[in-house]
**Student:** 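Structure below; questions to follow.
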Amino acid sequence: MTELMGVVNVTPDSFSDGGLYLDPEAAIAHGLDLVAAGAEILDVGGESTRPGAEPVGEEEELRRVVPVIQGLSGSRSRISVDTSKAAVAAAALDAGAEIVNDVTALRGDPAIAVLCAERGATVVLMHMLGEPRTMQDAPRYEDVVDDVKAFLAERLEAAVAAGVAEERVWLDPGIGFGKTGAHNMELLRRLGELRELGRPLVVGTSRKSFIGKVDGSPADQRLGGTIASSVLAAAEGADVLRVHDVAEMSQALAVATAILG
Ligand code: HH2
């Protein structure tokens with residue numbers, strides 16, 4: 001069964017919902033709404049990774065995410081923290097998170113791999129070419145799927161070498177992170193090839209600009225494209241879909257599952 005990971009962005013500058021849930025009470029209420037709508041996992045983040053985003057300091061990131069994770073920790077969904085910093089991951093795990101979603105795939109902070117190993121956290125390793133400030137500057141690949149696959153295999157090996165149990169690692173092709181529209185389409189079309197890595201796959205297409213490149217839609221009007229791409233990803237073997245619009249996605253997935261069996 002494909003699971004839904006609902007996005008809770010506690011940021012002023014996320015590309016599609018920046019500023020909406022900066023207040024902890026608003027973020028907690030939003031998270032609870034996503035659980036009621038069918039999110040099995042809530043991904044709480046305090047730093048935007050949109051193209052061109054400026055990094056956030058550790059103290060500020062802690063201040064944003066810890067109260068929200070504490071407030072959501074009694075809900076029936078598992079909590080993931082979207083961070084690349086070991087100190088933020090540690091505080092999030094203390095507050096009730098079980099999953100560390102690191103868009104740098106443990107390359108951003110040398111202490112994060114050992115922390116995840118010691119704490120037995122589940123870790124999401126995502127592919128990104130470069131860093132958010134520069135990642136959309138003319139990204140190039142030999143073969144995008146082969147290159148992403150080799151990167152994820154290497155990062156999986158590095159995580160295991162640091163002591164993370166292999167069965168606790170999930171992998172993510174990083175839709176929109178250092179990729180052109182064509183790269184994203186090809187990754188989604190050939191997602192099944194990443195299954196050969198033998199680990200659960202997380203896919204996040206929600207409201208991303210590759211959808212807007214197809215029809216010119218702005219970030220707040222990409223629900224149809226989010227659903228189309230996410231359902232196709234699920235059919236290709238995605239285990240976890242990271243989305244903002246959980247209620248609509250949940251219905252789409254239920255119907256797709258009922259048809260495909
Ligand atoms: N996408 C975003 C952030 N974190 N994590 C994983 N594992 N996979 C993704 O595709 C992914 C992610 C970007 O989306 P969002 O959080 O809505 O935007 P922002 O980074 O601007 O906060």
Side-chain angles (χ1 to χ4, degrees), residues 3-22 27 30-31 34 39 41-56 60-61 64-65 68 78-85 88-89 92 97 99-108 112 116 121-129 131-133 135-136 148 151-152 155 159 169-179 183-184 187-188 191 194 199-212 218-220 222-223 225-226 229-230 233 238-246 249:
E3 294 194 309
L4 294 181
M5 175 188 267
V7 179
V8 181
N9 280 327
V10 195
T11 58
D13 57 344
S14 286
F15 77 95
S16 77
D17 57 1
L20 287 180
Y21 312 111
L22 195 50
H30 180 58
L34 297 184
I41 304 164
L42 292 176
D43 190 36
V44 181
E47 177 173 47
S48 172
T49 50
R50 77 184 150 72
E54 287 299 328
V56 173
E60 175 61 15
E61 198 179 330
R64 290 180 189 174
V65 300
V68 175
R78 284 169 286 153
I79 297 176
S80 129
V81 61
D82 191 344
T83 191
S84 316
K85 299 185 184 76
V88 176
I99 302 165
V100 175
N101 174 25
D102 181 0
V103 299
T104 74
L106 309 180
R107 296 173 298 161
I112 201 166
C116 292
T122 294
V123 184
V124 183
L125 302 177
M126 196 196 78
H127 175 271
M128 168 164 46
L129 190 68
E131 40 148 356
R133 223 164 25 79
M135 65 188 178
Q136 290 305 109
V148 166
F151 171 91
L152 292 175
R155 295 317 299 155
V169 179
W170 298 353
L171 302 174
D172 184 330
I175 297 300
F177 286 85
K179 283 132 191 140
H183 291 143
N184 292 310
L187 274 166
L188 289 166
L191 189 69
L194 301 182
R199 299 306 311 141
L201 296 178
V202 180
V203 176
T205 66
S206 195
R207 303 181 182 173
K208 285 187 178 165
S209 67
F210 80 96
I211 298 169
D220 63 350
R222 294 178 183 157
L223 179 57
T226 298
S229 53
S230 297
D239 299 276
V240 177
L241 299 170
R242 183 182 181 280
V243 292
H244 301 84
D245 304 286
V246 171
M249 195 58 234

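Hydrogens, waters and symmetry mates are skipped; everything else that's a heavy atom, side chains included, is used. When a ligand or atom number is given, it counts from 1 through the structure's own listing order.
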**Student:** Counting only heavy atoms, which portion of Arg50 has something under 4.0 Å from ligand 1: side chain, backbone, both, or neither?
**Tutor:** both

**Student:** So which atom in Glu47 and which in Val56 form the shortest heavy-atom distance, rounded to 0.1 Å?
**Tutor:** OE2-N, 2.7 Å

**Student:** Starting from atom 18 (O) of ligand 1, which protein heavy atom do you reach first, and at what distance in Å?
**Tutor:** Phe15 CD2, 3.3 Å

**Student:** Out of Leu125, Val240, Asp172, whose heavy atom sits nearest atom 6 (C) of ligand 1?
**Tutor:** Asp172

**Student:** Could you identify the single nearest non-hydrogen protein atom to atom 4 (N) of ligand 1 and state the distance to 0.1 Å?
**Tutor:** Asp82 OD2, 2.9 Å

**Student:** On a heavy-atom basis, which atom in Cys116 and which in Val123 lie closest, and how many Å separate them?
**Tutor:** CB-CG2, 3.6 Å

**Student:** Is there a nitrogen or oxygen of Ser14 sitting under 3.5 Å from a nitrogen or oxygen of ligand 1?
**Tutor:** yes

**Student:** Please report the shortest heavy-atom distance between Ala159 and Leu125, naming the atom on each side.
**Tutor:** CB-CD1, 4.2 Å

**Student:** Tell me which part of Val203 gets within contact of ligand 1: side chain, backbone, both or neither, using heavy atoms under 4.0 Å.
**Tutor:** neither

**Student:** Roughly how far, to the nearest 0.5 Å, is the CE atom of Met249 from the CE atom of Met5?
**Tutor:** 14.5 Å

**Student:** Of all the heavy-atom pairs spanning Tyr21 and Val10, show the shortest one and how long it is.
**Tutor:** O-CG1, 3.5 Å

**Student:** Taking 4.0 Å as the limit for heavy-atom contacts, which would you say applies to Thr49 with ligand 1: side chain only, backbone only, both, or neither?
**Tutor:** both

**Student:** Which ligand 1 atoms does Gly204 reach within 4.0 Å, using its non-hydrogen atoms?
**Tutor:** 10 (O)

**Student:** For atom 5 (N) of ligand 1, what's the nearest protein heavy atom and its distance?
**Tutor:** Asn101 ND2, 3.1 Å

**Student:** For Leu191 versus Ala233, what's the shortest heavy-atom pair and its separation?
**Tutor:** CD2-O, 3.5 Å

**Student:** For atom 2 (C) of ligand 1, what's the nearest protein heavy-atom neighbour? Residue, atom name and distance, please.
**Tutor:** Arg242 NH1, 3.4 Å

**Student:** Would you kindly specify which portion of Val103 sits under 4.0 Å from ligand 1, judged on non-hydrogen atoms: side chain, backbone, both or neither?
**Tutor:** side chain

**Student:** Taking atom CD1 of Ile175 and atom CG of Asn184, what is their separation to the nearest 0.5 Å?
**Tutor:** 5.0 Å

**Student:** Any N or O on Glu47 sitting closer than 3.5 Å to an N or O of ligand 1?
**Tutor:** no

**Student:** Applying the side-chain contact (heavy atoms from CB on, under 4.5 Å) test to Asp82, which of Thr11, Val124, Asp102, Asn101 qualifies?
**Tutor:** Asn101

**Student:** I need the Ile211 CD1 to Thr226 OG1 distance, nearest 0.5 Å.
**Tutor:** 3.5 Å

**Student:** Students should be able to answer this: which protein heavy-atom is nearest to atom 21 (O) of ligand 1, and at what distance?
**Tutor:** Ser48 OG, 2.7 Å

**Student:** Give, for atom CG of Asp17 and atom CG of Asp220, the distance between the pair rounded to the nearest 0.5 Å.
**Tutor:** 11.0 Å

**Student:** How far is atom 10 (O) of ligand 1 from its nearest protein heavy atom, and which residue and atom name does that atom have?
**Tutor:** Lys208 NZ, 2.7 Å

**Student:** Which atoms of ligand 1 have any heavy atom of Asn9 under 4.0 Å away?
**Tutor:** 15 (P), 16 (O), 17 (O), 22 (O)

**Student:** Please list the nearest protein heavy atom to atom 17 (O) of ligand 1 with its residue and the distance rounded to 0.1 Å.
**Tutor:** His244 NE2, 2.7 Å

